[in-house]
Structures are given as C-alpha cells and as structure tokens.
Amino acid sequence: MVPEVASGALPPVSKRIPSEPALAELETIGRPGGELRMLMASPKDTRLMVVYGYARLVAYTPALAIVPDMLEAVDVEGGRVFTLHLRAGHKWSDGKPFTAEDFRYWFEDVANNQHLSAAGLPTALQPNREPPKFAVLDAQTVRYSWSIPNPLFLPALAGPDPLFIYRPAHYMKQFHIKYADKETLDAKVKRVGVRSWAALHNKFDVMYRNDNPEMPSLEPWVLKTSLPADRIVFERNPYYYRVDGAGHQLPYIDRIVFNIASSRIIAAKTGAGESDLQARYLSFDDYTFLKAGEAANGYKVMLWRTGPGSQLALYPNLNVDDEEWRRLMRDVRFRRALSLATNRHEINQVIYFGLAIEGQNTVLPESPLYRPEYRSAWADFDINEANRQLDMIGLDRASDGLRHLPDGRPLDIVVEDSGESTDKSDVLELIRDSWRQVGIRLFSRPSQLTLFRRRVFSGQTLMSLDKGIENGLATPDMSCWELAPTAQHQLEWPKWGQYAETNRTAGEPPDLPDVIRLRELYESWLGAATGDKHAQVWHEMLRIWADQVFTIGLVAGVQQPVVVNARLRNVPTDGMYNWDPGAHFGLYKPDGFWFDQPAAPAASAALTGQPR
C-alpha cells in the first residue's frame with residue numbers, strides 16, 4: 001500500500017474519485033508515472049496548465065461537440081434553462097467536496113459583489129444584458145435560466161480561458177468579509193500589503209492565473225512551486241475525476257515541470273531534447289532544424305494544423321482619424337483592389353513551402369460552414385482588375401507611376417504590427433513588391449504590443465498586420481462575434497467595437513450599412529434557439545464579410561511543429577493546434593498521455609490504481 005494511504009494522509013483511490021467518474025476514451029491504456037518537461041518563457045505561463053489540463057464543466061471533443069466533462073450531465077431547455085448536474089463524490093485537490101455551494105459562493109458572494117466584481121457579471125451570463133436566475137436545487141445540482149436563449153453560455157464554459165462560475169468556497173471564505181473574522185482578515189490584509197479585503201480576495205482568487213499553490217484545484221496537475229521560480233512543478237491531483245477504460249485514475253503522469261528559458265532559445269533547447277512536449281514558442285520556421293535532431297535526441301516532430309481563419313491578415317482601419325484616409329478605407333473598391341494586388345501564391349511558396357491554404361480570412365475547410373467562395377472572393381492575384389478598381393475611385397497616377405490621394409499626398413500605406421514574428425516582415429516585403437505594381441508604396445512599422453494597440457485604438461494606424469479570425473473551425477452554434485463590431489481589440493473597426501463593448505458609452509456607432517447589418521445579424525444569432533437559425537445567420541455574415549473585404553486574408557492552415565518525446569503515448573499524430581476551440585493540447589486531454597517505459601514505482605501505481 002502506498003505510504004500516503006497507509007498513514008491516512010490519503011484515502012484509497014475508490015474514496016478519492018466520484019461515484020460515477022468521467023471515462024476517458026484513449027487510444028491505448030497507459031501506465032502511471034514519470035515526469036514531463038516543458039519549456040516556458042515566463043512564470044506567468046503557469047496559466048497554460050489550466051489551458052492544457054482542460055478540466056471543464058463541459059468540454060469540446062476533437063469533433064468540436066460540447067459534452068459534459070466534470071459535470072455528470074447538462075439539461076438544456078429551449079436554449080434558455082441550463083441545469084448542471086455535478087458528480088457525487090467529486091472533490092477538490094485538497095479532498096474537500098466540490099458541490100453546489102462552490103457555485104453559490106461565486107454567484108452571490110463574488111460575481112454579484114461590487115467590491116470584488118466592479119464590472120458586474122461576465123458578458124456570457126448576460127444575453128441582451130439580462131442576468132440569469134440562479135438556483136441551487138440540491139448539493140449536486142444548480143440551474144441558470146434566462147427569459148431568452150443564451151448560446152454563449154456553454155461555449156464560455158468550454159473555452160481555453162473558461163468562464164469559472166465556481167470557486168473553492170471552503171478556501172476563499174477566509175478572505176471574504178462576509179465570512180471571515182474581521183480582526184483576522186485585517187491582519188491578513190496588512191501582512192500581504194494590499195489595500196483592502198477585496199484586494200486580498202482577488203489576489204488569491206486565481207482560477208486561471210494559476211499562480212497560488214495554496215488554492216485547491218480541479219485540474220489534473222496542481223501547482224506546487226511558489227513563484228517566481230525558474231523551475232515550476234505541478235503534481236498529479238490525487239482527487240482527479242477521470243479514469244481510463246480499466247478503471248485506473250488519471251492523470252498517468254506524476255508531475256509536469258516547466259523550465260523557464262528565454263523565448264529566443266526555446267527552439268534550440270527543444271532541439272537538444274530538453275522538452276518532452278513542446279509547441280509554444282516554436283514556429284514553422286523551426287521545423288527543418290527540429291526535424292534534423294529527431295534521431296539523436298529521442299523525439300518526434302509532428303505538424304499539426306492551425307485554426308485561425310488566416311495565419312496573417314491585413315486590417316484596413318475603418319476608424320482611422322485622418323478624414324481623407326478614412327473615406328478611402330471605407331470604400332470597398334479600395335479594399336478589393338488591395339486584396340487583388342496581393343500575391344498569395346507567392347507568399348505561400350516563398351514562406352510556407354506551398355503547404356498553406358491561399359485565400360481570404362474566413363472559416364477553414366474543416367468547418368461545416370465552409371464554402372469555397374468565401375475564401376476565394378477578391379483573392380485572385382489580378383493586377384489589371386486592381387488597377388481598374390483604383391482608377392474608378394479616381395486615384396490617379398503621377399509621372400513616377402505612384403498614385404496620390406485626392407488632396408495630393410502620395411498613397412503611401414504604413415502597415416503596423418506588434419513585431420512578434422519574423423514572418424511578418426517577410427510577408428510585408430512580398431506584398432510591398434506587388435502593391436508597387438498598382439502605384440501604392442507600402443512601409444512597415446513594427447512596435448511593442450501595448451503601443452501597437454494604443455495606436456490602432458486611437459485611430460493613428462492606417463493599416464495593421466495580425467493573425468486572422470481566431471476561430472476558423474466554427475460550427476453554427478459557436479459565436480459569430482468576430483464578424484461584427486463587438487470589441488475594441490478588433491483592428492478593422494476598434495471604435496465601433498468599443499461602442500458595442502461598452503454598451504454605447506465610448507467609441508463610435510457604426511455608420512456603414514453593411515457593418516450595421518453585421519451587428520444586427522449578430523444580435524439575431526444571440527436570440528436564436530436553433531442550430532438551423534444559427535447557420536442561416538452565419539452564412540449571411542460570411543457572405544457580407546467576403547464581399548466587403550473588411551480584412552485582407554493571406555494564407556491559412558499554416559502548420560505548427562509539435563515536438564513529442566518518442567516514448568510519450570496517446571499524443572495524436574494529426575492534431576489541430578488552436579486556441580478556441582481547442583485549448584492547444586487540451587482538446588486531446590493530456591491527462592491520458594503516458595510514457596512507454598518500465599513499470600512505474602509502486603507509489604505511482606497505487607495512487608492511480610483501479611478503484612476497489
């Protein structure tokens with residue numbers, strides 16, 4: 001018997017898992033034990049263990065269906081009433097029960113406490129700004145209901161940065177003025193050096209940041225290292241809720257270690273065999289180098305598909321401050337001309353070895369919403385038609401062949417970006433050459449991320465280069481928010497997005513008919529209760545998006561190198577590396593990854609043993 005069980009520090013495994021645990025569907029049944037190394041660039045990357053671990057109330061399957069995960073079941077009535085059934089016997093990592101009280105505490109004492117949640121309830125809980133009715137039905141059952149459908153709710157719970165609608169109440173109450181002894185609480189506030197009990201509570205309430213080793217967790221691996229540190233250890237959660245087909249508790253791997261290194265040398269260290277599972281901080285440019293080290297350093301390099309609608313896209317700023325430029329950016333003929341003057345085939349061949357998908361910034365072929373015409377719209381390389389569009393606008397050429405604005409200024413476009421990758425400068429160099437053929441000069445301006453965003457938001461930026469829409473894998477029941485002005489960080493219309501995001505208190509209302517229509521369509525998607533209606537809305541938005549060229553997509557489906565220890569099992573060879581949906585490795589549930597090696601020590605085997 002394992003010492004922790006023999007001493008009474010841990011109960012037998014049958015007492016540590018729910019009475020009806022979640023069953024993992026695995027390619028192979030594994031053996032417990034081992035340590036998995038990963039390379040990270042910052043102690044803040046501890047949040048990635050929440051992403052990769054992917055313990056969720058409901059979760060995406062690899063087929064992108066949302067199914068119960070930590071929950072035993074979810075009952076949905078008319079898209080408005082959601083009844084969540086917890087697993088009896090499910091426990092936090094410290095052995096305390098995970099119950100409806102953890103949901104009640106968050107909803108009543110955190111989310112609806114103005115000192116702790118000044119911004120109010122999250123957007124996903126307020127369709128048309130209507131808060132939910134919350135009810136505890138019993139210790140294992142809670143209900144959220146609205147008078148209108150809320151299609152954002154379940155996807156928010158399943159996301160990589162999930163909507164945490166629960167907290168370990170037994171732990172957090174010690175920091176809450178409603179439950180803690182005031183004198184004791186005041187002493188903690190003074191000792192930690194924060195201003196108030198609310199600041200203290202928020203400091204230790206780190207469900208996603210995952211930087212408090214004292215906070216109980218439901219994830220497969222639990223933080224054990226106080227930060228900051230150069231070596232960060234996560235150990236298996238002895239109360240984890242999933243089992244394999246033989247009834248053995250997961251996760252198989254005993255511990256995961258993050259070794260902190262400069263992002264500039266992570267590819268080199270990975271190639272030297274210093275990571276057992278690595279994709280973060282690697283790019284397609286690293287593939288040849290990494291492949292060369294496979295045999296010598298005991299790893300495999302796989303290429304997973306990526307999910308954005310475009311690896312990189314150009315974003316004309318329709319809210320630019322300069323009146324002459326703003327008029328031009330809002331002219332669809334100008335946006336179409338720039339798109340037609342972009343040689344995507346050359347970009348694909350020169351930079352991505354011809355392996356990418358050429359075309360606009362839209363959903364990918366793997367999406368059930370995909371139609372070829374969405375990707376091909378105004379995406380052919382056609383200098384003659386580009387010139388014709390520009391001539392129609394009245395942008396005449398001077399004797400040097402360059403076009404000018406109506407006020408006489410040269411039509412020079414400065415494309416700004418956050419300077420995070422070398423392929424951005426390479427892509428812009430190729431576009432510069434093709435745009436010169438239609439009389440437009442392109443200049444680039446990389447800058448630090450915060451400054452880049454500030455310039456875009458304030459209207460100083462003419463055009464920017466960044467990743468395309470996040471979710472190129474959309475299904476009809478996933479939100480279409482990216483196609484309508486909904487958030488300030490949308491580079492094509494930041495002020496219109498801010499207007500929606502702040503409930504009309506900041507920014508500007510959209511005044512282009514097609515953009516107004518996109519916003520109306522998004523609202524109708526939010527109010528629809530059926531998949532058919534959702535699909536209808538999606539297709540109308542995708543048609544407008546393609547025809548109006550609000551963003552200029554380049555290529556998509558660029559492959560992501562994934563380096564895997566040659567002894568690590570159950571990692572898919574052909575995977576999708578995407579943020580949302582996907583959670584990077586999370587979609588494939590790393591709790592089921594295992595090392596093919598001699599039998600694990602008795603301690604590990606007993607900890608993950610078959611329930612008795």
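For the pair Tyr281/Arg264, no side-chain contact is recorded, criterion being any heavy-atom separation below 4.5 Å from C-beta on. Side chains of Glu366 and Leu64 form no contact here, defined as non-hydrogen atoms less than 4.5 Å apart. Between Pro494 and Asn317 the shortest side-chain heavy-atom distance falls below 4.5 Å. For the pair Lys300/Val571, no side-chain contact is recorded, criterion being any heavy-atom separation below 4.5 Å from C-beta on. Taking 4.5 Å as the limit, every side-chain heavy atom of Arg305 sits out of range of all side-chain heavy atoms of Tyr577. Using a 4.5 Å heavy-atom cutoff, the side chains of Trp496 and Asp511 are in contact. For the pair Leu442 and Val415, the minimum side-chain heavy-atom distance is below 4.5 Å. Annotation: side chain of His539 is in contact with side chain of Arg371 (closest heavy-atom distance under 4.5 Å).
A pairwise comparison of heavy atoms in Leu462 and Asp412 identifies CD1-O, 3.9 Å as the closest pair. When all heavy atoms are compared, the tightest approach of Ser283 to Pro561 is O-CG, 3.2 Å. Across every non-hydrogen atom of Leu154 and Phe82, the tightest pair is CG-CE2, 3.8 Å. The shortest non-hydrogen separation linking Gln126 to Leu121 is NE2-O, 2.9 Å. Looking at every heavy atom in both residues, Arg326 comes nearest to Leu318 through CG-O, 3.6 Å. Closest approach of Asn361 and Gly309 over heavy atoms only: OD1-C, 3.5 Å.
Counting non-hydrogen atoms of neighbouring residues, nucleotides and ligands closer than 6.0 angstrom, the CZ atom of Phe443 exceeds 12 such neighbours. More than 12 non-hydrogen atoms from other residues, nucleotides or ligands lie less than 6.0 angstrom from CZ of Arg209. Remark: Arg453 CZ is loosely packed, at most 12 non-hydrogen atoms of other residues, nucleotides or ligands lying under 6.0 Å away.
Side-chain atoms of Ser418 and Lys424 form a donor-acceptor pair, as typed in the model, at a separation below 3.5 Å. Using modelled atom types, one finds a donor on one side chain and an acceptor on the other under 3.5 Å when comparing Gln389 with Glu385. For the residue pair Asn387 / Arg397, a side-chain donor-acceptor distance below 3.5 Å is found, with atom types taken as modelled. If you check the side chains of Gln278 and Thr270, you find no donor sitting under 3.5 Å from an acceptor.
A side-chain contact (heavy atoms from CB on, under 4.5 Å) with Val81 is found for one member of Pro149, Ser147, Ser145 and no other, namely Ser145.
Between the side chain of Gln360 and the backbone N or O of Gly553, at least one donor-acceptor pair lies under 3.5 Å. A donor-acceptor pair under 3.5 Å is formed between the side chain of Asn319 and the backbone N or O of Lys495. No donor-acceptor distance shorter than 3.5 angstrom exists from the side chain of Ser310 to the backbone of Ala556, with no hydrogens or angles considered. A donor-acceptor pair under 3.5 Å is formed between the side chain of Glu482 and the backbone N or O of Asn471. Listed for the His534 side chain is a donor-acceptor partner under 3.5 Å among the backbone atoms of Trp525. Under the 3.5 Å distance criterion, the side-chain polar atoms of Gln560 are matched with a main-chain donor or acceptor of Leu282. Counting only distance, with no hydrogens or angles, the side chain of Arg403 and the backbone of Gly439 share no donor-acceptor pair below 3.5 Å. With hydrogens and angles ignored, the 3.5 Å screen pairs no side-chain donor or acceptor of Asp380 with any backbone N or O of Leu340. For Ser339 (side chain) and Trp378 (main-chain N/O), a donor-acceptor pair under 3.5 Å exists by modelled atom type. Arg375 contributes a side-chain N or O that, together with a main-chain N or O of Val363, makes up a donor-acceptor pair within less than 3.5 Å.
Taking the six-membered ring for Trp and the full ring otherwise, Tyr588 and Phe593 have centroids separated by 6.0 Å or more. Between Trp493 and Tyr499, the ring centre distance reaches or exceeds 6.0 Å.
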inquiry  = Pair Leu163, Leu125 - check side chain to side chain contact (heavy atoms under 4.5 Å, CB included), show working.
reply    = CA-CA 9 Å; Leu163 173 60; Leu125 287 181; 4.0 Å; yes
task = Any chance you could lay out the side chain to side chain donor-acceptor pair (under 3.5 Å) test for Ser434 and Glu346, step after step, and finish with the verdict?
result = CA-CA 10 Å; Ser434 61; Glu346 182 181 45; 5.8 Å; no
ask   = Checking ring-ring contact (aromatic ring centres under 6.0 Å, His included) for the pair Tyr60/Tyr54: CA distance, chi angles, key distance, verdict?
value = CA-CA 10 Å; Tyr60 286 107; Tyr54 202 54; 7.4 Å; no
key: Intermediate values then yes/no, salt bridge (Lys or Arg N to Asp or Glu O under 4.0 Å), Asp161 and Arg47   = CA-CA 9 Å; Asp161 176 3; Arg47 68 193 188 280; over 6 Å; no
task = Step by step, work out the side chain to side chain contact (heavy atoms under 4.5 Å, CB included) result for Met38 and Leu48.
result = CA-CA 11 Å; Met38 302 181 83; Leu48 289 172; over 6 Å; no
request  = Might you work through the salt bridge (Lys or Arg N to Asp or Glu O under 4.0 Å) test for Asp400 and Arg441, ending with a clear yes or no?
outcome  = CA-CA 12 Å; Asp400 58 4; Arg441 292 192 300 188; over 6 Å; no
request  = Go through the steps to decide whether Lys589 and Glu25 satisfy the test salt bridge (Lys or Arg N to Asp or Glu O under 4.0 Å), and finish with yes or no.
outcome  = CA-CA 10 Å; Lys589 288 293 197 177; Glu25 296 180 7; over 6 Å; no
inquiry  = Apply salt bridge (Lys or Arg N to Asp or Glu O under 4.0 Å) to residues Glu324 and Arg327 and explain how you reach the verdict.
reply    = CA-CA 5 Å; Glu324 199 72 66; Arg327 185 180 299 112; 3.0 Å; yes
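The distance from the CD1 atom of Ile413 to the CE atom of Met463 is 4.5 Å, given to the nearest 0.5 Å. To the nearest 0.5 Å, atoms CG (Asn578) and CH2 (Trp304) are separated by 11.5 Å. Between the CG atom in Asp331 and the CD1 atom in Ile393 there is a gap of 4.5 Å [rounded to 0.5 Å]. Taking CG of Leu152 as the start and OG of Ser479 as the end, the distance is 5.0 Å to the nearest 0.5 Å. Rounded to the nearest 0.5 angstrom, Met70 CE and Leu57 CG are separated by 4.5 Å. Atom CG of Leu449 is separated from atom CG of Asp417 by 10.5 Å, given to the nearest 0.5 angstrom.
Ring geometry for His489 versus Trp481: interplanar angle over 60°, hence perpendicular rather than tilted (30 to 60°). Between Phe153 and Tyr144, the ring planes lie tilted relative to each other; the angle falls in the 30° to 60° range.
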